[in-house]
Amino acid sequence: MKDIILSRRRKARIHIFLQLSLLIWIVWIVNVWSFHDTVRSDWSRGQHMKVTASDLALLDALPRHVEVLLPIDLQPDASGRVRWQVLFQAMRWIGELNRSAPDAVSPPVQVDVNREAERWEILRAARGLEADAVNKVHLFCGDRRLALELEDLAIIRYASPLEPEQVARIVVNRVREAIEAGLRQVVSDETTEIRISQGSGEPPLGASRGPNMARMVQDLEHRGARVAGQDLMSTAMIDSDADLLVVVAGGVGRFEPLGSSARRELERFMEAGGGVVILLPAMGECGLEEMLAGAGISVLPGLAAQVTAVPNLSIRPSFSVVGERLDPFHPITAPMTHSKFAARLTPSRVLEVVQPATALLSTGPSAWLERELSTARRDLHEIPGPQVLAACTEVGAGRLVVIGNWSTVLSAGWLGDSRRFFIACCDWAAGRDLLPAGAGREPISFRIELDQRLRRSFFWTSIFVLPGCSLAGGLIVSWARRRDR
Amino acid sequence: MMRVVILARRELLSLFVSPVAWTITFVFLLVMGVTFHLSLLAVDGDLKQLVAATYSGLVFWFMMLMLPPLISMRSVAEEKRSGSLEMLITTGISDTQVVVGKWLSTWCFFLFLWVCLLPLWSLLTTVGQVDWGVLMSAHLGVALIGAGFCASGILASTLTSHPLASAGLATAINLGLFLVHWLSFLYQPGDLQLRWVEHFSAVHHIRDELTRGIVDLRVIIWWSSFTFLMLFLSTKVLERRRW
């Protein structure tokens, strides 16, 4: 009898062992399967992390593997928190793309520059990044490199001396669009060749002190462009491999108008399909007015003036104008019309546009053309109305953009909507992708106003009412039990 | 199935007539209420961030790790200690039904606690909009991970006849699962090992996915399979007296 029991026990133990092994094996297989072939869905209202068929098509079409680095160094204030949100979303989105196509995009490597200084130095040296290349999404594909700035990923409005009560917030979220365009561009073998006209008076290209264009040059290079100077004034020649020529007709010194030979070279360049962006001087002539008039863009004498708020919290007429009206249909401006656009141009010439040229950027109705340049003061004969600050047209096979202000390209002014507008102009004129495409989307706000009444009612409900209910429930049950006894 | 439901109902009723359930509910609502209120102030009224702040903070994890062992510690251990388990078995109910019934009642009570927080969200909807999708996915995570932790609590309860020892053992199992996440610091992004750590990490599931509205099938499969494994082990431990 004892032997029978012992043999049955032994059998039972073997069965249990087999059952357990089988179950663990099944659990393992199911988890391995789900590890490799999982299904993900985004339940959030905005569905920012939903990988669509077009995203998958883009990832499939990437010819090479892209690596991503995010060095982060942000202040723990309100604006830092908003910036962090944008970068965090970018990191998550790249992570989602990596999950969908691990062979196309690597998972993002995030480095906290302050906490992981040593690691950052190693990565920086390995990737050849500058010390200030932080708070950007760096995309690497072989030797090619591209950096997406925060301003490319989202439009953020910060508190300012004029609007101190405004909390930093995301106005337009373009994380997905920017990363999509960045991926497309970083794997491309084509490089946009940009030449900056370096004539008399123009800010020096290589300088890093005083009025310079270092930030613009760096920004364009991070977008995959190759930027070099072009002595148009003395040689009257444009490189044959140039896609775009930027004429900064104004500057730190006395600007001498371009001569007829330079003008002819520009016309030849555009006829051959090149793009030209002309930034007009605040005063005097750039020597190209006749050519521009022939293309339908006339430069009016005087400057645009507007009654604007200035940083000492007063409001007065000045030559600082805000370009806020955009052509809703032109490819340069159409993606920008979804948000409140405000490109401050100080100072700016006024353009008169006739067909076939298109007015790209205009002021609001309160601006006027001030012909008296000593002071901005609206006289009766100066009728206010939208003043055109930038225009474009096609000349032959090439493209021409004229902007009434030249100081946008200076490092001090290279920010916000004016920078975005300038890069979009370069993008269109060169016929290449320099800027992330797409308009982005306005984020859905889930923020509530925490007024005193709400705070009070929420405080009472969360700390007293709900726990009080459970306490009351417990007391009632206890009383009922005592009564039943 | 019917027996499982009857047993679970009986367990739930016995839980609610005892002061333990009400004390746990009171403490839970008080602590989570304070957390909720402070989080709302910290995120400056951003309800989307509030979900992440409330459902992935330190207090949340304390509740997730401690509540299931406390709720489940008496379920089998107390029956074994008092000898009522034998009496229960003689009613014709199988070991599997006992385990599943007790787990179901524990899990239901655990869910009841989290559902009690929903009135706070409802209050916020009167003044703003809540991303219900994200809230649903966060609660799905609580339910899934809670199911696993309750199941480990039942397993611990079957292994010992002392409720406190059972609670300690279950907490140790849950803590081990929780600490798996810290292995991720050993690996670099892109490493296969890191992906496996993320596959098992409750912190990763809640913080990086479910409280952001991302629902992944592998999260559901892992926690369901873990729950199933724990319940199977519990059944086998309970059956041990026969062999």
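We name chains A, B, ... by the order of the sequence lines, and we start the count at 1 in each one. Note that these values count all heavy atoms, side chains included, but never hydrogens, waters or copies made by symmetry.
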Worksheet item: chain B heavy atoms under 4.5 Å from A:Pro108: which part of the residue, side chain, backbone, both or neither?
Response: backbone
Practice prompt. Taking the side chain as every heavy atom from C-beta outward, state whether A:Ile463 and B:Phe36 have any pair of such atoms under 4.5 Å apart.
Written response: no
Worksheet item: chain A: which of B:Val219, B:Asp44, B:Thr126, B:Leu50 shares the most heavy-atom pairs with it under 4.5 Å?
Response: B:Asp44
Discussion item. With a 4.5 angstrom heavy-atom cut-off, is it the side chain or the backbone of A:Val32 that approaches chain B, or both, or neither?
Written reply: both
Worksheet entry | Part of A:Gln19 lying under 4.5 Å from any heavy atom of chain B | both
Discussion item. Need one label for A:Gln85: side chain, backbone, both or neither, based on atoms under 4.5 Å from any heavy atom in chain B.
Written reply: side chain
Worksheet entry | Any donor-acceptor pair under 3.5 Å from A:Asp42 side chain to B:Ile214 backbone | no
Practice prompt. Applying side chain to side chain contact (heavy atoms under 4.5 Å, CB included), run through A:Phe88 and B:Arg212 and close with a yes or a no.
Written response: CA-CA 12 Å; A:Phe88 183 66; B:Arg212 315 271 171 192; 3.6 Å; yes
Worksheet item: About how many Å separate OG1 of A:Thr38 and CG of B:Asp216, when rounded to the nearest 0.5 Å?
Response: 3.5 Å
Fill in: Contact origin within A:Arg453 toward chain B - heavy atom pairs under 4.5 Å
neither
Discussion item. Can you tell me how the ring of B:His199 sits relative to the ring of A:Phe35, calling it parallel under 30°, perpendicular over 60° and tilted otherwise?
Written reply: perpendicular
Discussion item. Quick check on A:Thr461 against chain B: is it the side chain, the backbone, both or neither that has a heavy atom closer than 4.5 Å?
Written reply: both
Practice prompt. Quick one: list whatever passes side-chain contact (heavy atoms from CB on, under 4.5 Å) with B:Ser201, sequence neighbours left out.
Written response: B:His181, B:Val203, B:His204
Worksheet entry | Which atoms of A:Arg455 approach chain B - backbone, side chain, both or neither, heavy atom under 4.5 Å | both
Worksheet entry | Minimum heavy-atom distance A:Ile448-B:Gly128, with the two atoms named | CG2-CA, 3.4 Å
Fill in: Between CZ on residue A:Phe464 and CG on residue B:Leu30, distance to nearest 0.5 Å
8.5 Å
Practice prompt. Would you mind checking which part of A:Leu466 comes under 4.5 Å of any heavy atom in chain B, side chain (CB onward), backbone (N, CA, C, O), both or neither?
Written response: both
Worksheet item: What part of A:Arg481 lies closer than 4.5 angstrom to a heavy atom of chain B: side chain, backbone, both or neither?
Response: side chain
Item to complete: Quick one: which of A:Lys11, A:Lys50, A:Arg99 has the most heavy-atom pairs under 4.5 Å with chain B, could you say?
Response: A:Arg99
Worksheet item: Can the ring centroids of A:Trp28 and B:Trp196 be said to lie less than 6.0 angstrom from one another?
Response: yes
Worksheet item: Looking at A:Asn98, A:Val27, A:Val465, A:Leu23, which makes the most heavy-atom pairs under 4.5 Å with chain B?
Response: A:Leu23
Practice prompt. Side-chain contact test, heavy atoms from C-beta onward, threshold under 4.5 Å: evaluate it for B:Trp222 versus A:Val30 and give yes or no.
Written response: no
Discussion item. Taking side chain as everything from C-beta outward and backbone as N, CA, C, O, which of these in A:Ser41 sits under 4.5 Å from a heavy atom of chain B? Side chain, backbone, both or neither.
Written reply: both
Worksheet entry | A:Arg447 side chain reached by B:Leu47 side chain, heavy atoms, under 4.5 Å | no
Fill in: Proximal component of A:Arg92, with respect to chain B [non-hydrogen, under 4.5 Å]
side chain
Fill in: Segment of A:Leu20 engaging chain B (4.5 angstrom heavy-atom cut-off)
both
